[in-house]
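Indexing begins at 1, ligand by ligand and atom by atom, following the structure's order. These numbers come from a predicted model, not from an experiment. We number each residue from 1, following the sequence as shown.
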Amino acid sequence: MTRVLLTGFEPFAGEVVNPSWEAVSLAAKEAPEGLEVATARLSCLFGTSLEELREAVGRTDPEVVICVGQAGGQPDIAVERVAINVNDARIPDNAGRQPIDEPVVPGGPAAYFATLPVKACVAALQEAGLPASVSQSAGTYVCNHVFYGLMHLIATERPTVRGGFVHVPFAPEQVVAGGRPALPVSLVAEGLRGILTVVATRTQDIVAVGGATH
Ligand code: PCA
């Protein structure tokens, strides 16, 4: 049994759902065989989200942690490659805090790479008929904050844990006015299960095209 912690977020920016939490809950309900999946719902708050993550890691003692967040406007399941040491909020968090150009961890390294086989995950999703890509940046809002905080926690306190972050599109009910891409939560959950299966079965990544020109 591989112990996995999956996290999603509460809604933010006036939305009433966050597909990350909906998909995480669904994926955990029907976890792939051989995996024991625990979940935690994180607040969309700078600081508090990391305390909640630390608590969940301590409580569940996972071997793998995958945090998941909503990326409104993103057309596919984006497996993140890198977390950066910057909080630069374009909009306030759910408590009205809007840090500008502050470090996530003062004195921490500029960035951490995900320790998941990012390209193998993307390839597996695409082979299963799900839209997916490698993302070179998780932004500078609460998701990147959590991703960086996770990788820092792993680097400093839990070196055997593997970790990463996945951004997911809006759910269809969030885009009824049209003009913005969405993906049903059931497909996002299928994608998360696919990622879990890859992560449980391989540590080495594959060599495949997945870069970006900008
Ligand atoms: N998405 C936000 C924070 C919470 C979420 O689900 C982000 O991309 O930073």
Write out the protein residues near ligand 1, meaning a non-hydrogen atom under 4.0 Å from one of its atoms, in order of chain and number.
-> Phe9, Phe12, Asn18, Cys44, Gly69, Gln70, Tyr141, Val142, Cys143, His167
Would Gln174 and Gln70 count as having a side-chain donor-acceptor pair, cut-off 3.5 Å?
-> yes
Give me the ring orientation class for Tyr112 and Tyr148: parallel if the planes are under 30° apart, tilted from 30 to 60°, perpendicular past 60°.
-> tilted
Does a donor on one side chain and an acceptor on the other come within less than 3.5 Å for Ser135 and Glu80?
-> yes
Got a second to check how far Thr140's OG1 is from Asp101's CG, nearest 0.5 Å?
-> 8.0 Å
Hey, could you give me the CD/CD distance between Glu15 and Glu10, rounded to the nearest 0.5 Å?
-> 13.0 Å
State plainly whether the residues Arg158 and Asp61 are in salt-bridge range, i.e. N to O under 4.0 Å.
-> yes
